[in-house]
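First the structure, in the form of structure tokens, and then the observations on it.
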Amino acid sequence: MPLGQRAGDKSESRYCGVEVLDFPAGEELPAVLSHSLSSSFDFLLAPLVDPDYRPTPGSVLPVAASDLVLGPAQWSSHIVGKISEWIDLDAEDEQLRLDSEITLKQEIAWASHLSLQACVLPPPKRSSCANYARVVNHILQGLTNLQLWLRIPLEKSEPMDEDHDGAKDNSDMEHTAIYEFTRAVAFLTNARGYPCLSKRHQKLLTGFFNHSVQVIISGRSNHNVSQGGVLSGDENHTEDTAVRHALSPYLDYIAYIYQRMDPLPEQERFEINYRDFLQSPLQPLMDNLEAQTYETFEKDTVKYTQYQRAIAKALVDRVSDDDVSTTKTVLMVVGAGRGPLVRASLQAAEETGRKLKVYAVEKNPNAVITLHSLIKLEGWESLVTIISSDMRCWEAPEKADILVSELLGSFGDNELSPECLDGAQRFLKPDGISIPSSYTSFIEPITASKLHNDIKAHKDIAHFETAYVVKLHRIARLAPTQSVFTFDHPNPSPNASNQRYTKLKFEIPQETGSCLVHGFAGYFDAVLYKDVHLGIEPNTATPNMFSWFPIFFPLRKPIYVPSKTPIEVHFWRCCGATKVWYEWAVTAPSPSPIHNSNGRSYWVGL
């Protein structure tokens with residue numbers, strides 16, 4: 001059964017398995033599985049083949065159990081196959097290497113026949129593992145539903161200290177893979193004699209849970225404790241312990257760690273289905289958004305609260321307390337949508353006691369219908385004038401004191417906010433205020449193998465020359481963000497080109513070591529007005545705001561970056577007569593093609 005019911009978490013991290021250490025006789029497997037499931041484990045990690053098996057001509061694979069001993073649903077839902085640990089795909093002994101290849105393929109074939117959910121591969125036996133990679137890659141090409149899990153020893157030594165509430169180290173246990181804790185790895189003993197983890201291992205495990213990693217508990221119990229449950233608090237529990245698994249105390253503690261995690265916040269619950277899902281950015285200037293899209297963005301109350309704060313500050317600066325009864329501020333919302341910024345503007349006027357006249361300019365005729373309904377419903381007819389027009393074509397009857405827009409994209413300028421606001425600047429008085437007043441884009445290099453493989457599956461260059469909006473999750477950030485382009489409004493030179501170029505140099509922290517760069521994550525930070533900010537740049541991100549996901553600029557081929565080696569990247573914002581696009585390239589430590597989101601690609605001439 002799941003470790004717990006954490007609000008909003010529907011990931012695989014809710015499940016925990018247990019390893020079968022001894023090679024079971026075929027008829028024993030159902031009983032072993034039943035015992036484990038009754039002890040609240042969710043699946044078994046079980047050997048598939050007799051560990052003494054070596055392939056010989058005409059030999060029959062000595063499987064651990066016939067496919068008839070369990071039903072198909074039991075095999076697929078509750079058994080993870082353990083590949084023979086003696087396999088050495090890079091052995092210097094040619095016969096051992098060939099036997100290893102044959103046996104691995106045989107065991108994977110048997111696992112596929114059983115419809116297992118996954119198999120755990122033994123780790124490479126040496127640092128040079130080219131043949132291991134080749135064989136596993138070949139196997140992966142033929143798999144559909146079967147996952148391969150790899151054991152990776154975590155060998156970095158950690159001196160033990162007293163950060164674990166009086167617990168003491170029991171043994172020099174082996175640190176192991178992301179997917180499992182082997183032989184009660186890193187388990188200590190607390191003052192009551194129960195297993196526990198150091199705070200550092202608790203933090204590590206919690207981080208894994210947030211990335212949908214499943215735990216496998218393995219080994220023999222090092223804690224002779226009551227079977228009443230690690231967390232029951234009943235030290236005099238006398239229930240018959242034969243029905244519980246010997247490793248149940250460890251499972252209880254893992255469940256305790258999981259259940260102690262904070263519930264997923266509302267923002268993450270909204271975003272969870274979008275994790276690592278590639279989307280093309282919206283193009284509201286070219287396309288009319290649908291009602292569902294408007295509704296999603298309108299639910300982002302944090303964003304509109306920030307806008308209301310900025311508008312309120314601008315109104316107070318624009319009209320002194322002495323003039324509130326005689327002065328009416330003209331405010332234009334360009335790109336009004338279905339009216340959330342109109343509402344924020346009127347609420348700011350009411351909050352500050354300022355008089356307001358609002359022009360709501362919107363090009364989408366369907367959104368204009370909703371705007372009319374909203375104005376009538378709220379009784380704002382005397383305060384709001386609706387303009388059904390593209391802001392680039394409209395001729396305003398008067399100048400505005402304040403110009404408000406929400407044309408920002410994930411990269412700040414990628415939804416053509418500079419071009420739109422430069423054009424709309426003619427509506428603004430010479431001393432008028434633009435909200436936002438400026439915005440800056442940022443990038444950082446990332447490792448993102450899942451995103452790279454998802455793009456690669458399209459088997460064309462065009463998808464690698466697309467900037468995607470994506471809720472980043474299974475990625476590694478390799479260096480702090482750096483700013484790319486900045487735009488100010490009102491623009492002192494509105495007729496000048498918004499074409500931009502920048503070259504950045506990222507220093508990879510020494511502790512990161514060598515790494516692969518699959519692309520660059522992009523963000524923005526905007527100054528709405530004075531000290532009111534809005535953005536998704538990781539260091540300054542507006543909390544609990546979900547209107548924007550980061551943007552991802554992929555690389556056609558991952559760039560290998562040796563330890564202590566800087567990354568040099570170039571970004572261009574290019575402007576044509578009818579469109580704007582980005583180009584990006586890496587020039588160090590090795591050159592990449594220039595990626596061109598306008599549909600062309602060519603190599604850097606160095």
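Values reported hereafter were calculated over all heavy atoms of this structure, with side chains retained and with hydrogens, waters and symmetry mates removed.
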Would you say the side-chain atoms of D413 and N498 include a donor-acceptor pair closer than 3.5 Å? no
Looking at E378 and R343, is any side-chain nitrogen of the basic one under 4.0 Å from a carboxylate oxygen of the acidic one? yes
If you measure from the Lys or Arg side-chain nitrogens to the Asp or Glu carboxylate oxygens, is any gap between R573 and E583 under 4.0 Å? no
Students often mix this up, so state it plainly: with edges at 30° and 60°, are the rings of F520 and F506 parallel, tilted or perpendicular? tilted
Do the side chains of R318 and D401 get close enough for a salt bridge, i.e. N-O under 4.0 angstrom? yes
Between S563 and Q510: side-chain donor-acceptor atoms closer than 3.5 Å: no
Considering residues at least two apart in sequence or located in another chain, which fulfil the salt bridge (Lys or Arg N to Asp or Glu O under 4.0 Å) criterion with K505? none
Judged by modelled atom types alone, do S417 and Y439 share a side-chain donor-acceptor pair under 3.5 Å? yes
So that I can tick it off, tell me whether D531 and K313 are bridged by a salt bridge, with the cut-off set at under 4.0 angstrom between side-chain N and carboxylate O. yes
With S320, which residues qualify under side chain to side chain donor-acceptor pair (under 3.5 Å), at least two apart? D323
With sequence neighbours excluded, tell me which residues meet side chain to side chain donor-acceptor pair (under 3.5 Å) with Y501. H570
Look at the rings of F553 and F411 and say which category their plane angle falls in: under 30° parallel, 30 to 60° tilted, over 60° perpendicular. perpendicular
Pairing of K399 and D431 as salt bridge, 4.0 angstrom limit: no
Under the criterion salt bridge (Lys or Arg N to Asp or Glu O under 4.0 Å), I'd like the reasoning laid out for E298 against R338: C-alpha separation, chi angles, the key distance, then a yes or no. CA-CA 9 Å; E298 289 164 6; R338 303 198 309 179; 2.8 Å; yes
Applying salt bridge (Lys or Arg N to Asp or Glu O under 4.0 Å), name anything that partners E362, two or more places apart in sequence or on another chain. none
In this structure, are over 12 heavy atoms from other groups packed under 6.0 Å from Q482 atom CD? yes
Residues at least two apart in sequence or cross-chain that pass ring pair (Phe, Tyr, Trp, His ring centres under 6.0 Å) with Y529, listed by chain then number, are none
According to side chain to side chain donor-acceptor pair (under 3.5 Å), who are the partners of Q306, at least two apart in sequence or on a separate chain? R309
Using 30° and 60° as the class boundaries, would you call the ring planes of H463 and H458 parallel, tilted or perpendicular? parallel
